[in-house]
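Single-structure report; data block below.
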Amino acid sequence: MTGGHSMARTGWLIVAISLFLFLAAYQLGLPGLHYDEAKEAGVNAMELLHRAPVTAFRDATVSVLGLELPLMTQDYIGALNVYLALPFLAATGIGVPNLRLLALILAVLGLLALERAVSEWLALCSGRQDSVAPIAPAALTCLTLLAAAPSFVFWQRQGIFVTNATIPFTFACIWQGLRWLRLGEGRALILSAFCAGLAVYAKLLAAWVVLPFCGLCMAWWLGRRARGAFIEDRGTRVRRQPSGLAKGRYAWLLHWRSLGLPLLAALAFAAPLIPFILFNVKTGGTLSSITQNLGSSYYGVNNAAIWENATVRWQQLLQTLRGDHLWYLGALEGNALAPAAALGLPAAALLRRGGRRVVGPPLLLLAAAFGASFFTVSDLFVTHYALLHPLAIAVTGVGLHELWRWAAFKGGDGADGRGPGGAVGAGRKGNAGNPLWEWLRGLISGSASGPQFGLKVVAHSSLALVVCAVFLLDLRATAGYHSALTRSGGLVDHSDASYHLAFDLRHGGMGAPIALDWGMEAPIRFLSEGRVRPIEVFGYGSLQEPDGGFIERLEPFLDNVDNVYLLRAPGNEVFQGRRAAFERMVRERNGRLEREQVYAQLDGTPLYERWRVHD
């Protein structure tokens, strides 16, 4: 690759990242703050900054320098986002756009890690021994498609909601693992294991990708070992005994080296999981969550119904590619061409023998992660595919690379469509590889009318048109969502109505309202900068009806007429039966209910209600 090509690809990378930031950072305060954003990062980070008592999940903390540090934010979600959010909130203050700056930075790092992973894989497949894998056009195409894709843009701007911290660490794990396979650098394997541990700590579902990738790496390495193709250091294919070293001593050194590297990698993987291990030693939360929901999940998903779950997941994967699942932004926009391109390009590449070698392993990794997603301890949420979406686009990019190389081969660019360096067009200079330039050069030489050259131009032009069409349709859908979001302010749990609720409670002196349903406590605490601390009494035991302790938890508050009660509007309840039980208790005490305020979406749909009880 020439210096001109390198500069052009770097420029393309910068443009793609800039486009993403422009689309994702626009009106960053919308939609409204979701409960998970506040619960899984904002509230605990705010408490640590204010040196306030930390309300840790399951009360599991570790004491460090006088601070009680939370270990997890859910049984399967680590507190990584809490600590990553600290510098952003410390530098910019407590606020929704301030918190979402973290999500944008993580998204950019995820895009960069994805580019490195795809470029590293193509360098490995082509046998390149460069110390740094060159930026592959296929990887840049992946970044460009993701930068405009509505699923990626809107999930990443609310990145804590989908735990997008898994993305940069997962793809960094893949990048470094592939680098280890290509160059044999032990530190790359250790870094890969460390990033894998960080990804799993961020959210347990990262194991959907990390574990199959580990298996594929081992299979690849064992295959090379069986063929005697060892990589010791940047291109050295054969292990040679150093001169002057006894044969027995050399064998002993090799033995300990072969044991030492896996041990260091295992330690690197385990290090980020220390908080996770401590959490389970203290509470057993993850194990109990898995065992209690193994057959049927908390939200009633039957994990034994594999075919039904697979059908749901397949539809969700297609929705993710189209982007027509973001209803809470106020509209449904989508790109019907995206799934066809994402699935069709790799499928076409698999028809070639060489394509199966390049496209097969990434596709197998995606298939393994997809299969793992059939099982859940919570529900079959489409947001789980925030991690699989970039992986699917990476497979698309690899398929595009193979089809482009095949067209170059058919166009007569060499025995296998590669230059001496092993990459497409690696042996040519200047504008080589540009269909227009090749056509002009052929026209001057009188060879531009040949059938092979014509096939190449048609194939390359067709592939370019498909990519451009997907990009433009994604861009149109993303712009449509932004327009809808401006009008709606977000819907239901993503509505900006929570901003008004928190403002009224904070400035009305209502510092401890009683929350009789889910979704209000954490956002109100964060939005009020800790001035308002709702008390949740509804109980998490059952979604359908109050548990036996609900009355005992609520009754002491009814004696104080100054108390304020928060309910979700009828038809918007999450935990059923609490409103009816509340009203019955007030009647039995000969009290009178007064609804003071209703908080609605911008379209007038009621979401939250503020009540008082009078004698």
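Counting begins at 1 with the first residue of the sequence. The model shown is predicted, which means the values in this text are computed figures rather than measured ones.
- Within the structure, ring pair (Phe, Tyr, Trp, His ring centres under 6.0 Å) pairs that include any residue of residues 301-325 comprise W155-H325 (at least two apart or interchain).
- Annotation: salt bridge (Lys or Arg N to Asp or Glu O under 4.0 Å) contacts of D324 (sequence neighbours excluded): R322.
- Taking the salt bridge (Lys or Arg N to Asp or Glu O under 4.0 Å) definition, one finds that E37 meets it with R100, sequence neighbours left out.
- Looking at every heavy atom in both residues, I167 comes nearest to Q156 through CD1-NE2, 3.5 Å.
- Checked against salt bridge (Lys or Arg N to Asp or Glu O under 4.0 Å), D36 has no partners two or more places apart in sequence or in another chain.
- Within the structure, the ring pair (Phe, Tyr, Trp, His ring centres under 6.0 Å) test picks out no pair touching residues 336-358 (sequence neighbours left out).
- Every residue two or more places apart in sequence or in another chain that forms a side-chain hydrogen bond (donor to acceptor under 3.5 Å, both in side chains) with T486 is listed here: Q27.
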Starting from the C-alpha separation in whole Å, work towards a yes-or-no answer on side-chain contact (heavy atoms from CB on, under 4.5 Å) for F161 and H494. CA-CA 10 Å; F161 168 56; H494 297 264; 3.7 Å; yes
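- Evaluation of the side-chain contact (heavy atoms from CB on, under 4.5 Å) rule for L465 yields no partner, not counting sequence neighbours.
- Separation of atoms CH2 (W404) and CG (L463) is listed at 6.5 Å; rounding is to 0.5 Å.
- Every residue meeting the side-chain hydrogen bond (donor to acceptor under 3.5 Å, both in side chains) condition with R487, not counting sequence neighbours, appears here in chain and number order: S483.
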Contacts table for residues 358-381: side-chain donor-acceptor under 3.5 angstrom, sequence neighbours left out:
{"from": "S373", "atom 1": "OG", "to": "F370", "atom 2": "O", "distance (Å)": "2.5"}
{"from": "S373", "atom 1": "OG", "to": "Y385", "atom 2": "OH", "distance (Å)": "2.7"}
{"from": "T376", "atom 1": "OG1", "to": "S378", "atom 2": "N", "distance (Å)": "3.0"}
{"from": "T376", "atom 1": "OG1", "to": "S378", "atom 2": "OG", "distance (Å)": "3.3"}
{"from": "T376", "atom 1": "OG1", "to": "D379", "atom 2": "N", "distance (Å)": "3.2"}
{"from": "T376", "atom 1": "OG1", "to": "D379", "atom 2": "O", "distance (Å)": "3.2"}

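- The salt bridge (Lys or Arg N to Asp or Glu O under 4.0 Å) check on R568 picks up D493, with sequence neighbours excluded.
- Residues passing the side-chain contact (heavy atoms from CB on, under 4.5 Å) test with V467 are T141, L145, L400, sequence neighbours excluded.
- Here the CD atom belonging to E115 is positioned 10.0 Å from the CD atom belonging to E120, to the nearest 0.5 angstrom.
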Distance-only check: which donor-acceptor pairs under 3.5 Å involve side-chain atoms of residues 101-108, not counting sequence neighbours?
none

